[in-house]
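Let me begin by presenting the structure, written as structure tokens, before commenting on it.
One-based numbering, in listed order, for ligands and for the atoms of each.
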Amino acid sequence: MIDFTQLRKDFPILFQEVNDEPLVYLDNAATTQKPTLVLDALRHYYENDNANVHRGVHTLAERATADYENSREKIRTFINAKETAEVLFTRGTTTGLNWLSRSYGDAFVQEGDEIVISFMEHHSNIIPWQQLANRKGATLRYISITEDGFLDLEEAKKVINSKTAIVSIAHVSNVLGVVNPIKELVQLAHQNGAVMIVDGAQAVPHMKVDVQELDADFYAFSGHKMCGPTGIGVLYGKRELLEQMEPIEFGGEMIDFVNLYDSTWKELPWKFEAGTPNIAGAIALGAAIDYLSEIGMDSIHRYEQELVDYVMPKLQAIDGLTIYGPQDTKDHTGVLAFNLEGVHPHDLATALDMEGVAVRAGHHCAQPLMKYLHLPATARASFYFYNNKADADRLIFALEATKEFFKDGII
Ligand SMILES: Cc1ncc(COP(=O)(O)O)c(CNc2co[nH]c2=O)c1O
């Protein structure tokens, strides 16, 4: 049985004061904190193994290459990809989605085709498809959100049709905290001859993801949202699709032969990995996966659900506080967007910070969703497994104190 309170000791950053109050870090949907084991992996690489990968014939280069490719195997196992050739290192979710827009989209999307996303997508899963649709003369279409905060699956069955070339949906919304019905959407996409792309940024850190079980064609996520460093992420793709796709970037690492006027590419996954990669980041992401796997993704998911079960009713009990997304805790991950009547989200976040509570305020790179909800912005608290009920209590206390402070409409 995992003692989650003990895990906090792995995150020294959490034991600091902010504005003379203990830090309560609740901005994990933006980025998560890094355990000592991940920081040690970064330091160990630079202190002991630092060398470029794949071409060196000296000992450090061989060690660096082995650790780099061992991380790829750890990722393969973690998401249950068939083979490491299907695991591409990227800078993060945004890079992966952009690669797909350019490499898969430019080759396979034709004029008159349709690209389907939803109103709850992050900008990284909207703009690449806007750009593709504009480049190719295709049509971008949106799946609506129901009154109670779910993706409208009944509408999806109408929006996704024989003209659909790509469906690209977030596994979990970074605002509504809702888990989308990815398996059903994959089936709808495949029934209509479309590929299914999943933005997994808010899912992989928080729950077990099995890309073969989902039957997703592509799946993108970021290392920094799952205890790994920034600048490293993963794009998973089915081999049979990746084989048909041209690289996005060209240069060293990704070639077989460079002739005067043409070149040939290395096999997967290296075909897509031009230039010196983020070696330390990849190795440290492997360490993050070791750490998360030791805890267990099902345990993390259960524990975060316990936190949501604990905090949601306390939030719902605050008069004047509106929570966005499903109101039933079973349908909500630890991402909780809310507004306090009469207090601008930025003022709310600033007031919470004065109490040591770190939340995010703004549109969360989901401006179409804000417009859909007729909101200028929201505040957002997002939990991870190193948070606890005391953090939740501090959030509630700080919200009540902020409400008291602003109650006479003091701006
Ligand atoms: C659903 C979703 N997709 C894509 C991204 C982009 O990930 P990146 O490439 O690692 O930046 C984010 C980052 N979301 C947030 C980043 O800061 N606050 C957020 O909610 C996200 O939440």
Option whose closest heavy atom lies nearest to atom 19 (C) of ligand 1, chosen from A170, A29, G233: A29
Looking at N174, which atoms of ligand 1 are within less than 4.0 Å of one of its heavy atoms? 19 (C), 20 (O), 22 (O)
Between Y386 and Y25, what is the ring plane arrangement, given parallel below 30°, perpendicular above 60°, and tilted in between? tilted
Kindly state each residue pair satisfying ring pair (Phe, Tyr, Trp, His ring centres under 6.0 Å) with at least one member in residues 268-290, sequence neighbours excluded. H54-W270
Atom 6 (C) of ligand 1: which protein heavy atom is closest, and how many Å away? T94 OG1, 3.4 Å
In the protein, what heavy atom is nearest to atom 16 (C) of ligand 1, and what distance, to one decimal place, separates them? K225 NZ, 3.3 Å
For ligand 1, which atoms sit closer than 4.0 Å to a heavy atom of S222? 7 (O), 8 (P), 9 (O), 10 (O)
Hey, is ligand 1 close enough to Q202 that some N/O pair sits below 3.5 Å? yes
Tell me yes or no: between the side chains of S124 and T94, is some donor less than 3.5 Å from an acceptor? yes
Looking at K208 and D298, is any side-chain nitrogen of the basic one under 4.0 Å from a carboxylate oxygen of the acidic one? no
Quick note on ligand 1: atoms under 4.0 Å from a heavy atom of H224 include exactly 8 (P), 10 (O)
State, with a plain yes or no, whether a side-chain heavy atom of P12 is found less than 4.5 Å away from one of T36. yes
Tell me whether D256 is salt-bridged to K266, with the criterion being a basic N under 4.0 Å from an acidic carboxylate O. no
Protein contact to atom 21 (C) of ligand 1 [nearest heavy atom, distance to 0.1 Å]: H122 CD2, 3.4 Å
According to salt bridge (Lys or Arg N to Asp or Glu O under 4.0 Å), who are the partners of E155, at least two apart in sequence or on a separate chain? none
Residue, atom and distance of the protein heavy atom nearest atom 17 (O) of ligand 1 read A30 CA, 3.4 Å
Can you sort out which atoms of ligand 1 are near R380, meaning under 4.0 Å from one of its heavy atoms? 18 (N), 19 (C), 20 (O)
The one among V172, N125, I232, D199 that brings a heavy atom closest to atom 4 (C) of ligand 1: D199
Which class fits the ring pair F385 and F11: parallel under 30°, tilted 30 to 60°, perpendicular over 60°? perpendicular
